[in-house]
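Structure first, then comments.
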Amino acid sequence: MEYNFRQIEQNWQAAWKKNNAYKVANNFSKPKCYVLDMFPYPSGAGLHVGHPLGYIASDIYSRFKRLKGFNVLHPMGYDAFGLPAEQYAIEHGIHPAVSTNNNIDNFRRQLDNIGFCYDWDREVRTCEPGYYKWTQWIFLQLFNSYYNRATQKAESIASLIKNFEEKGNAAHECPGDASVSFTAAEWENFSEKEQQDILMQYRLAYCGYGEVNWCEALGTVLANDEVVNGVSERGGHPVVKKKLRQWYLRITEYADRLLSGLQTIEFSEAMQEMQTNWIGKSYGAEIDFKIETPGEKLTTHHSPLTVYTTRPDTIFGVDFMVVAPEHALIEEIVSAEQKEAVEAYITYVKSRSDRERQAEKKISGCFTGAYAVNPFNERRIPIWISEYVLAGYGTGAIMGVPCGDERDHKFAKHFNITITNIIGEFYNGEDANPTKDAVLSNSGFLDGIPMRDAMNIVIDKLVEMGIGKRKVNYKMRDAAFSRQRYWGEPFPIVWKDGIAYPLDEKELPLRLPEVDSYSPGPEGEGPLANLTDWVSAPVPGKPGETGIRETNTMPGYAGSSWYFLRYMDPQNETEFCNRQISDYWNQVDLYIGGTEHAVGHLLYSRMWTKVLYDLGHIGFDEPYRKLVNQGMITGKSAFGKILWVREGAENLYETKDTGELIPVIVPLQFPQLATGLPILDRLPVELITIDSSGKYFLTKNDCTKISEKYLKFKGLRIASYEEAMNYVQPQLNLEIKREWFSDKIELDIVDEKMSKSKLNTFNPNDLVEKFGADTFRMYEMFLGPVEQSKPWDTKGIEGVHRFLKKLWRLFFEEEKGKIWNEEAPTAAELKVLHRAIKKIEDDTERFSFNTAVSAFMICVNELADLKCHKRAILEPVVVLLAPYAPHICEELWHGLGNNGFVLDAPYPVYDEKHTVESSKEYPVSINGKVRTNINIALDATQEQVQEIVLANELVQKWMEGKELKKFIFVKGKMINVVI
RNA sequence: GCCCCGGUGGUGGAAUUGGUAGACACGCAGGACUUAAAAUCCUGUUCGCCGCAACGCGAGUACGGGUUCAAUUCCCGUCUGGGGCACCA
């Protein structure tokens, strides 16, 4: 009997399906384990071998936990709203729902091939009304809530209104505009519009105007993390700042809890750091400086200049101020002489896109003619404007301390501003030194005080003088939550006279209507704005009145911020998720996905969870207890030198014809011509020959295959020496050597991220077809640690396949068939088994799947050496292996005569008694170098060991009669003789 | 520029707490079986030196130092690869 993996895998996949083997019940009596993959965006390119890496890891862990008696929730779904489908719709006129569903079907076929244990009855698709009904519902929760800073949690807007009616807003500072202040009586007298405008400034989901990243080409606004180097992440279109009405999530109110929550969950160091940086909490002070303008003595009729600084201790080192060019105070303080220059500079800054402003390395700025006054020594400090200060961060104004800040130092040097040294020899006159360890000098009452101590002294003094306060700042901004796009969740909002009216829950879902065209609506609005009938809608709570619907849609991260909850109770039509059920499944125990979602998805989803928790809808406030980031699989891209020639051309160099061009490969040694030919271009790696030395070659046969599969390379062939000599050499006078040419041409290999466009992908289906799903699964794990990025190389897969065949031969022989028996196992066999149990159980538990695979190999190698065919040994091995290679294990499990699926077999229990040894072959070092091994009983005392070792012939030889200085004996490990 | 993580044979990688560096696998070389091939099995494979062989010597985990009886592991410096942030005050 041969290991016929195709038949075996097909049979058992069908049997599992027929018996609903992966159906997960909400069975509250069993201990639970929730294992989640980041659900994919179903792109048209399908899966390549890099995608399933995380899925396989989580699948193994799920199956392992199931064997250990847990009720394991391991679902899969699709993040189905998104730009590419809409882009495709614009280009091909196909409805995004249609192309998305096609892509999903394709994904599903690929996933099924690999034998995952997903409970597909729990599948979610974010684009389906049954799902986005609840995305809209959660949006309404956010809309109808505010963050109560006193209780540090989200509470209902209704309770806030009640508070306003009784006491005004004295107890609740307005997060949208801190200057808003009113009494209960004033509140009562506000119009509905005024009241609603104020409430909007409190809501967790709110509408506002703001500078957003506007991408003309996409006709949409992009989130910060969707803009890369000033261009859109998708498509690389230019992005500029534009003021637009946008929905936002008030995530900044959660900054502190998002930060402190990191301490309660297991995210990698790198991930925690990324989120911490993104939140960007800093401690410092806001300081008010009085302003003196020319001709006026120090007056109070100007508002003070308020700066934010993290280094109040350096206040005596302030040599200039810089305010953002957008700062409101500029107009008020600018002097007559400087007015023109300042206006010119502001015009200059405005003319520059955000991208240019950020990329600028040149120092620029303009003096306003006004001075601030240092409150401690009355020094007059010139106030400048410069583009390097951003209006949106802190107060939009900084105090320049050139001796302590590199950027300020460059600015001072550039404009010849005198630099005050307050840190003595820590400042060398050449470079700023941002130290906190110096003792202050030139600092008035702070002289002689270490900087770290001075910080608090200064702040206390400022507070006492009433001109400053302690201040915590965050880098993070509120998250833009609307897109001028079609393929997303519609907002359940109707506008009337500038007031946003939320739809009643009963009206959800607000379905996405059909449109004729996916192009943007008027004035930067989304495609929905074109549907006049749909846009016009009754105003909720105002019978008889008609308003207009919100035409923005929600961004991609809306649906993905809460999907882990929907899997728990996916068909519930009356709630987003039943509370009893979410109490049971609770947090995701293991979340696996790529690092690219570090700050986007993971932060938003953590915020939504906290809001739902605050409002009492769920019982936990962190969604993911443990996060594992799978590493990227890189692919080898193969580059060949290609000449594109005219069809039927006799002349290799003749390429001007715009007709059909045929690619001809020339040797790599072929000189790059002045005309830019031949062109170095990628060739599809999967169809290229790798020879035994690991070099990549293109053969005639490869050319045929590539030519057939890729339209671009139709007619591909290899240039001959004669062709090159006849047709290239005379025209271009190149040196061409015969030895470069052969019937196979070597290619250049570069490691890069795997992607279809780079032609370096491998389709998992092809490998499954050739070696089977079990081999594929184990090979992906064997490649290396899940979290590490690593190059893909198909060569090694044979080794894993051989392992499975070797395992098979412990049970069956080709001619004799079944060879396993019921004999009692020997001590040696039990030792092999139990060592494997311990190693594999530990490794699986700590996600070290690559070492677990090698432990399986060791175990099977040893059992083969022992010629062990005993059921008592083999059966536990089959169960151990089942999470990794479920199909072959199911076959062997039944082959051994078991009924029921191996999926629910009891996990083998490690018993130490089989692995204990009575003695050990100790490595014996002399002065740290291993010289010999001596077998010594494990229970021997230090004295006995020393006696045995020193008596050893070899040890004596090395000691050559020298004195023993020290005798190191680490029980069970090693011995070191120091002489 | 700042922050974080890494660098181990020809290749992927192992060494979980400072205790025999290179497990396991690929590749390669040689051999067995076979008419032959595939499949399978066996032997060798960090480098250098001596060699019939050795459980023989020396070097060796990017490089240079240090701590220790003992360092891939801890500390300092340099080089280098990857990721994150970037006029963030």
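Throughout, protein chains are lettered first and strands after them, A, B, ... in sequence-line order, and every chain is numbered starting at 1.
The number of heavy atoms from other shown groups lying within 6.0 Å of NZ (A/Lys770) does not exceed 12.
Under the Watson-Crick and G-U wobble criteria, each requiring two contacts below 3.5 Å, nucleotide B/rC24 is paired to B/rG12.
Of the candidate nucleotides B/rU20, B/rC26, B/rU16, B/rU20 has the atom lying nearest to any side-chain atom of A/Asn933. Distance from the side chain of A/Asn861 is smallest to B/rC24 among B/rG58, B/rC24, B/rA89.
Listed by chain and number, the residues in a ring pair (Phe, Tyr, Trp, His ring centres under 6.0 Å) with A/Phe316 are A/Phe376, A/Phe445 (sequence neighbours excluded). By the ring pair (Phe, Tyr, Trp, His ring centres under 6.0 Å) test, A/Phe411 is found to be paired with A/Phe320, A/Trp384, A/Tyr388, A/Phe415, residues two or more places apart in sequence or in another chain being considered. For A/Lys806, the side-chain hydrogen bond (donor to acceptor under 3.5 Å, both in side chains) partners at least two apart in sequence or on another chain are A/Asn861. Not counting sequence neighbours, the partners of A/Glu746 by the side chain to side chain contact (heavy atoms under 4.5 Å, CB included) test are A/Lys695, A/Phe697. Remark: A/Asp478 engages no residue in a salt bridge (charged side-chain N to carboxylate O under 4.0 Å, His left out) (not counting sequence neighbours). By the salt bridge (charged side-chain N to carboxylate O under 4.0 Å, His left out) test, A/Glu787 is found to be paired with no residue, residues two or more places apart in sequence or in another chain being considered. The ring pair (Phe, Tyr, Trp, His ring centres under 6.0 Å) check on A/Phe849 picks up nothing, with sequence neighbours excluded. Contacts of A/Phe267 classified as ring pair (Phe, Tyr, Trp, His ring centres under 6.0 Å), with partners at least two apart in sequence or in another chain: none.
Of the residues in residues 967-979 of chain A, those placing a heavy atom less than 4.0 Å from an atom of RNA chain B are A/Ile968, A/Val970, A/Lys973, A/Met974, A/Asn976, A/Val978, in numerical order. Residues of residues 279-286 of chain A that place a heavy atom closer than 4.0 Å to RNA chain B do not occur.
Nucleic acid contact class of A/Lys636 (heavy atoms, under 4.0 Å, all strands): none. Using a 4.0 Å heavy-atom criterion, one finds that A/Trp808 contacts no nucleic acid atom at all.
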Are any protein N/O atoms closer than 3.5 Å to N/O atoms in nucleotides 40-49 of chain B? If there are, list each pair with its distance.
| from | atom 1 | to | atom 2 | distance (Å) |
| --- | --- | --- | --- | --- |
| B/rU40 | O3' | A/Arg809 | NH2 | 3.1 |
| B/rC41 | OP1 | A/Arg809 | NH2 | 3.0 |

Which letter, B, S or -, goes with each nucleotide of nucleotides 3-13 of chain B from 5' to 3', with contact meaning a protein heavy atom under 4.0 Å? SS-------BS
